Amino acid sequence: MFDKLRAQIQSITAKETLSTEARLQEICELLRDAVPYYDWVGFYFRNGEKEELKLGPYSGEPTDHTIIPFGKGICGQVAVSNQNFVVPDVSAQDNYIACSITVKSEIVVPLFVNGENIGQIDIDSNTPDPFSEADERFLEFVNQEVAKIL
Ligand code: SME
């Protein structure tokens, strides 16, 4: 599944007639449609010089959490740790921001441009413990491809 998706991601990022935002939107929709346990897919980016993340393109239910301060929730922790964060069971996390009661698990992978952590891809799942290293490697690839068009 991920090999085919890698090729599809590259065809989306190559669509130079589309805005970056439109290409990111397509990526979110592709991932949510194609991976059965990806129920919400979105990008957060650093909000200018502020120590906070701002929601970018996403696919899934609208969320109230359009701004997340650095350090808060899974996303805010990744903004400062620069590390992937895989959460098999969100109910076991103290520093977690719930977006929907149906969410059971989450993965957040930072997005680097020239070595700087400038945002992240965030995936919520309604399935408990669905993420493996294959998801991490795949989402790192997605972010590397996206970094080229930012
Ligand atoms: N659960 C995230 C907040 C973002 S929503 O999942 C869209 C967190 O704890 O940072």
Side-chain angles (χ1 to χ4, degrees), residues 1-2 5-6 8-9 12-13 18-113 115-150:
M1 171 174 68
F2 288 135
L5 282 172
R6 280 181 167 86
Q8 288 174 289
I9 293 289
I12 294 172
T13 54
L18 290 185
S19 68
T20 298
E21 178 137 336
R23 285 179 268 182
L24 294 187
Q25 184 69 45
E26 270 197 42
I27 288 173
C28 292
E29 276 155 23
L30 170 70
L31 296 187
R32 182 160 164 255
D33 283 349
V35 185
Y37 52 91
Y38 286 8
D39 293 298
W40 189 94
V41 179
F43 289 95
Y44 282 92
F45 293 102
R46 183 172 186 162
N47 192 11
E49 290 301 307
K50 295 185 187 164
E51 302 273 301
E52 64 182 31
L53 295 162
K54 185 175 182 204
L55 182 61
Y58 69 93
S59 172
E61 291 293 307
T63 171
D64 290 340
H65 306 291
T66 53
I67 298 283
I68 299 178
F70 279 17
K72 300 282 181 203
I74 308 304
C75 296
Q77 291 176 77
V78 169
V80 292
S81 74
N82 305 322
Q83 307 278 332
N84 296 349
F85 199 155
V86 180
V87 182
D89 173 7
V90 294
S91 73
Q93 290 292 321
D94 292 335
N95 189 356
Y96 169 71
I97 301 167
C99 281
S100 152
I101 52 161
T102 61
V103 173
K104 297 283 192 293
S105 55
E106 177 162 6
I107 182 171
V108 179
V109 173
L111 197 163
F112 299 98
V113 173
E116 188 187 350
N117 180 354
I118 57 102
Q120 52 194 234
I121 190 165
D122 176 22
I123 314 243
D124 284 345
S125 179
N126 299 336
T127 303
D129 196 9
F131 303 114
S132 69
E133 284 188 18
D135 295 273
E136 291 190 67
R137 298 295 88 75
F138 171 63
L139 296 170
E140 287 163 2
F141 171 86
V142 170
N143 282 352
Q144 281 159 16
E145 293 304 303
V146 166
K148 295 177 189 168
I149 61 165
L150 292 177

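All figures in this text were calculated on a predicted structure; none of them were measured in a lab. Indexing begins at 1, ligand by ligand and atom by atom, following the structure's order.
- Note: an N/O pair closer than 3.5 Å links D124 and ligand 1 by distance alone.
- Of the polar atoms of C75, at least one N or O is found under 3.5 Å from an N or O of ligand 1, judged by distance alone.
- Those atoms of ligand 1 that come under 4.0 Å of a heavy atom in D122, given as number and element, are 4 (C), 5 (S), 6 (O), 7 (C).
- Protein heavy atom closest to atom 3 (C) of ligand 1, with residue, atom name and distance, is I97 O, 3.6 Å.
- Distances between N or O atoms of A98 and those of ligand 1 include no value under 3.5 Å.
- Two residues are said to be in side-chain contact when any heavy atoms from C-beta on lie closer than 4.5 Å; I107 and E136 meet this criterion.
- The heavy-atom pair separating L53 from A79 by the smallest distance is CD1-CB, 4.1 Å.
- Under the 4.0 Å criterion applied to side-chain N and carboxylate O atoms, E116 and R46 are not assigned as salt-bridge partners.
- At least one heavy atom of E106 sits less than 4.0 Å from an atom of ligand 1.
- Residue-to-ligand polar distances keep W40 apart from ligand 1: every N/O pair is separated by 3.5 Å or more.
- Near Y44, meaning under 4.0 Å from any of its heavy atoms, are these atoms of ligand 1: 4 (C), 7 (C).
- Residue contacts with ligand 1: C99 is placed with no nitrogen or oxygen under 3.5 Å of a nitrogen or oxygen of the ligand (distance criterion only).
- Classified by interplanar angle (parallel below 30°, tilted 30° to 60°, perpendicular above 60°), the ring pair Y37/F131 is perpendicular.
- Classification of R32 and E29 as a salt-bridged pair fails, no side-chain N sitting under 4.0 Å from a carboxylate O.
- The single protein non-hydrogen atom nearest to atom 8 (C) of ligand 1 is I74 N, 3.2 Å, given as residue, atom name and distance.
- Between the side chain of N143 and the backbone N or O of P110 there is at least one donor-acceptor pair closer than 3.5 Å.
- Distance alone, capped at 3.5 Å, is enough to place a donor-acceptor pair between the Q120 side chain and the C75 backbone.
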